[in-house]
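Here is the structure we will look at, set down as structure tokens.
Along the sequence shown, the residues carry numbers beginning at 1. All values below come from the heavy atoms of this structure, side chains included, with hydrogens, waters and symmetry mates left out.
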Amino acid sequence: QLRVVESGGGLVEPGGSLRLSCAASGFTLAHYAVGWFRQAPGKEREGVSYISDSVYAPSSTYHENAVEGRFTISRDDAKNTVYLQMNSLKPEDTAVYYCAADASSARVFGAVIGDSNESLELWGQGTLVTVSS
């Protein structure tokens, strides 16, 4: 069974850090692009970060303006996992965070920047991040 599973969420104070993981099973994640998305209470889901596949070249990455300079997406293909390192967290980062994988980097990038309504192949169940003092 192909799936991705998020972990690493929790409660953190403003200014703190968390690292989210998106672990793949049943397939080789290196062949897939991955996006991180989040949905805050009462708001629509939004794209956060993107990383391309790493089959033919080192991955490229992208971060939305709201998290640029604070969040870093990376991948460890040996562990079949993509990470989202989140630093300098703010209360407005509170949300359920989801990762999604697709064999098409263009499809994932389009979804992250909100330029595409195409559905992505695999979605995780989400992990809750709460930033509060």
(request) Answer yes or no for R38 and Y97: cation-pi contact, defined as NZ/CZ to six-membered ring centre under 6.0 Å and angle to ring axis within 45°. (result) no

(message) If I take atom CG from residue D53 and atom CG from residue D77, how far apart are they, to the nearest 0.5 angstrom?
(response) 9.0 Å

(message) Under a 3.5 Å distance rule, please check whether R19 uses its side chain to pair with a backbone N or O of Q85 as donor and acceptor.
(response) no

(message) Using side-chain heavy atoms (C-beta onward) and a distance below 4.5 Å, is E6 in contact with L20?
(response) no

(message) I'd like to check V82 versus C99 (side-chain heavy atoms, cut-off strictly below 4.5 Å). Are they in contact?
(response) no

(message) Using every non-hydrogen atom in the two residues, find where V34 and C22 come nearest and quote the distance to one decimal.
(response) CG1-SG, 4.4 Å

(message) How close do H31 and V55 get, counting heavy atoms only, and between which atoms?
(response) CD2-CG2, 3.3 Å

(request) Kindly compute the distance separating NE2 (H63) from CD1 (I73), expressed to the nearest 0.5 Å. (result) 6.5 Å

(request) Of all the heavy-atom pairs spanning S49 and L84, show the shortest one and how long it is. (result) OG-CD1, 3.6 Å

(message) Which heavy atom of S52 sits nearest to which heavy atom of S59, and what is that distance?
(response) O-OG, 3.0 Å

(message) Rounded at 0.5 Å granularity, tell me how far CZ in R107 sits from CG in D115.
(response) 14.5 Å

(message) So L18 and L89, do their side chains get closer than 4.5 Å, heavy atoms only?
(response) yes

(message) Rounded at 0.5 Å granularity, tell me how far CD in E13 sits from OG in S132.
(response) 8.5 Å

(message) Rounded to the nearest 0.5 Å, what separates atom OH in Y32 from atom CG in D102?
(response) 7.5 Å

(message) If I compare all heavy atoms of G47 with all of E64, which pair ends up nearest, and what's the gap?
(response) O-CG, 3.2 Å

(message) Tell me the closest heavy-atom pair linking G9 and T127, and the distance in Å.
(response) N-OG1, 3.1 Å

(message) Is it true that, when you exclude E44 itself, more than 12 heavy atoms of the residues, nucleotides or ligands shown sit nearer than 6.0 Å to its CD?
(response) no

(request) Could you check Y98 against F37 for ring-ring contact (aromatic ring centres under 6.0 Å, His included), going step by step and ending with a plain yes or no? (result) CA-CA 5 Å; Y98 301 88; F37 302 82; 8.5 Å; no

(request) Supply the atom-to-atom distance L128 CG to T94 OG1, rounded to the nearest 0.5 angstrom. (result) 8.0 Å

(message) Could you check whether R45 makes a cation-pi contact with W36, meaning its NZ or CZ is under 6.0 Å from the centre of the six-membered ring and within 45° of the ring axis?
(response) no

